[in-house]
Amino acid sequence: MAQLTSPHALYISEILFAISYYLEDDRKTLARLARCCHAFSEPALSVLWSSVRSFLPFIPLLPPTVKFLWDHGRFDEATLVEFQCPPEEEWRVFDSYAHRVRRLYSGSHCHQIVARIRSKTTLFPLLRSLTVQLIEPIDMQGRLFSNSLRSLKISGPAYVHCKDDRVQMAIARLARDAPLVEYLHIEDYTYSVVQSSLPPLHFAHLRAVEISAFFDYTLLQSLCHILSQAPVTQLKLELPSLPNKEWNISAPVFPALRSLRICGNPASAEQFIFHLASESLQELSIYHTRGPASAADYRHLLSHVADKYGNTLQQLSLTLSQSPSPNYPYDLSQSVLDAFYALAPRFNRLETLHLSLPHNRYVHLAPELTFESPTWPSLKLLDFQAT
């Protein structure tokens, strides 16, 4: 009987990696491949550990003394001050897996503590994407962000009154340690935060930013200031549904902005657009799904947009739900349409217009607002949705 041999194709590493990437969503099969033979071990492990949804799988890989602290709940300040980082040879197993990680979703307090303990070394040296919740204030000596990082999603503690500027300080560390970052998403679930005294930070490659401020404007104002000079071209903002009290930006922000999406009431949207330093905004989307509004708010917003960006804006989208004015949503819709009719000639480069408004038989699209209209010489797409 002829002896069975492995197909020659399985000796080609590129083919082994292709098979492993094909099984990226089948983690059980990847784990079996990693254990079946030496040839499959490296590619299967690389794919299996390339995206990790928690820091918890790394806890058993920690040096014994660090794991002891975790197991016995001794990650307190008094212990950490006296604790000595284990020698590098004790991190060898941890490093053998950590260097494979490209995407990490970490909400664990342990991640921050381990980064603090091993402050002279980046835990995940080849990380490209990180999602992290700052349970504790960031340690200024630790290296939470690798210099290979391109994408960061960060949030502070949820549903509490935060008495420090941990998110702002984390962004400052990001600017220092991850100079190639391109995308930043900040979620704020706190009720109040401390205003930061940080100056505008230098980000050479930051192009896309998303800020979700659900309860308070304080962090949003601070972030707008420290990111004000970044070369951001795409910005998404989710503003609180509260009235815009004390919503104030002291200086123009985001000079390179080309695309802006705002979820919030029109008065707050107008105030933010007023402080934009960009002179050539091309895409603007406003989603008003919660918070109060009036017809005057929309007239002021649209008039200001026409004044500032009538010669550059190419795409405009406005979505109005019934919730902002539950008693008279259709009257508000008609007021929005009336404002558009009056301003139509001033949007001389507009190519795409999306309108989604509460509708009844008294609200209609006027004849002059059509694709063939001479008052909209550049219009290529008109999308009107009645909700």
Side-chain angles (χ1 to χ4, degrees), residues 186 200 206-213 216-321 324 332 335-340 342-357:
I186 305 164
L206 186 62
R207 296 294 183 269
V209 171
E210 186 169 352
I211 305 174
S212 302
D216 190 84
Y217 282 97
T218 309
L219 180 59
L220 179 61
Q221 292 176 192
S222 180
L223 291 172
C224 286
H225 174 66
I226 65 178
L227 296 173
S228 61
Q229 300 307 309
V232 175
T233 59
Q234 301 177 40
L235 177 65
K236 296 181 181 180
L237 292 177
E238 183 155 357
L239 304 178
S241 58
L242 303 173
N244 55 326
K245 296 178 181 179
E246 301 179 359
W247 166 230
N248 182 35
I249 305 173
S250 58
V253 294
F254 302 112
L257 199 64
R258 297 291 182 269
S259 175
L260 173 62
R261 172 176 172 170
I262 297 179
C263 296
N265 65 68
S268 295
E270 180 193 0
Q271 193 164 7
F272 181 80
I273 293 171
F274 177 80
H275 287 92
L276 278 181
S278 172
E279 298 180 354
S280 54
L281 191 70
Q282 297 174 1
E283 299 177 6
L284 174 62
S285 301
I286 298 175
Y287 295 81
H288 182 197
T289 56
R290 55 197 178 107
S294 66
D297 292 335
Y298 273 101
R299 286 195 297 270
H300 294 156
L301 169 63
L302 295 172
S303 178
H304 184 69
V305 171
D307 289 341
K308 193 168 186 177
Y309 297 116
N311 293 324
T312 64
L313 201 64
Q314 298 176 17
Q315 180 174 314
L316 178 61
S317 177
L318 177 62
T319 299
L320 171 63
S321 73
L332 188 57
S335 298
V336 171
L337 288 175
D338 291 343
F340 268 119
L343 296 170
R346 296 165 62 183
F347 290 100
N348 51 45
R349 294 193 61 188
L350 194 66
E351 298 179 357
T352 304
L353 174 61
H354 298 277
L355 292 175
S356 180
L357 305 173

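Numbering of residues begins at 1 and proceeds along the displayed sequence. All values below were derived from every heavy atom in this structure, side-chain atoms included, with hydrogens, water molecules and symmetry-related copies excluded. Just so it is clear, the model here is predicted, and its values are computed rather than measured.
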At what distance, to the nearest 0.5 angstrom, does [atom1] of [X] lie from [atom2] of [Y]?
X      : Y      : atom1 : atom2 : result
Arg261 : Leu284 : CZ    : CG    : 11.5 Å
Leu257 : Leu235 : CG    : CG    : 5.5 Å
Ile262 : Lys236 : CD1   : NZ    : 13.0 Å
Leu318 : Ile286 : CG    : CD1   : 6.0 Å
Glu210 : Cys263 : CD    : SG    : 8.5 Å

Tell me whether Lys308 at atom NZ has more than 12 heavy atoms from other residues, nucleotides or ligands lying less than 6.0 Å away.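 Count over threshold, so yes.
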
Mind listing the closest non-hydrogen atom pair of [X] and [Y] along with its distance?
X      : Y      : value
Leu239 : Gly264 : CB-CA, 4.3 Å
Phe254 : Leu227 : CE2-O, 3.5 Å
Gln229 : Pro252 : NE2-O, 4.1 Å
Val253 : Cys224 : CG1-O, 3.6 Å

After noting the C-alpha distance and the side-chain angles of Ser335 and Asp338, does the key distance pass the side-chain hydrogen bond (donor to acceptor under 3.5 Å, both in side chains) rule? CA-CA 5 Å; Ser335 298; Asp338 291 343; 5.3 Å; no

Does any non-hydrogen side-chain atom of [Y] lie less than 4.5 Å from one of [X]?
X      : Y      : answer
Leu220 : Phe272 : no
Tyr287 : Glu238 : no
Val305 : Leu343 : no
Gln282 : Ser259 : no
Leu260 : Ile273 : yes
Leu353 : Phe347 : no

Would you check if the side chain of [X] reaches a backbone N or O of [Y] as a donor-acceptor pair within less than 3.5 Å?
X      : Y      : result
His300 : Ala296 : yes
Arg258 : Ala256 : yes
His225 : Gln221 : no

Below 3.5 Å, can you tabulate the donor-acceptor pairs from side chains in residues 309-317 to any protein atom, sequence neighbours excluded?
from, atom 1, to, atom 2, distance (Å)
Tyr309, OH, Ser278, O, 2.7
Asn311, OD1, Asn348, ND2, 2.8
Thr312, OG1, Leu281, O, 2.8

side-chain contact (heavy atoms from CB on, under 4.5 Å), that's the test. Do Leu337 and Leu355 meet it? Break it down for me. CA-CA 9 Å; Leu337 288 175; Leu355 292 175; 3.9 Å; yes

How about Ser268 and Asn265: does a side-chain donor come under 3.5 Å of a side-chain acceptor?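 The answer is yes; a qualifying pair exists.
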
Under the side-chain contact (heavy atoms from CB on, under 4.5 Å) rule, what do Leu357 and Thr319 come out as? Steps first, then yes or no, please. CA-CA 6 Å; Leu357 305 173; Thr319 299; over 6 Å; no

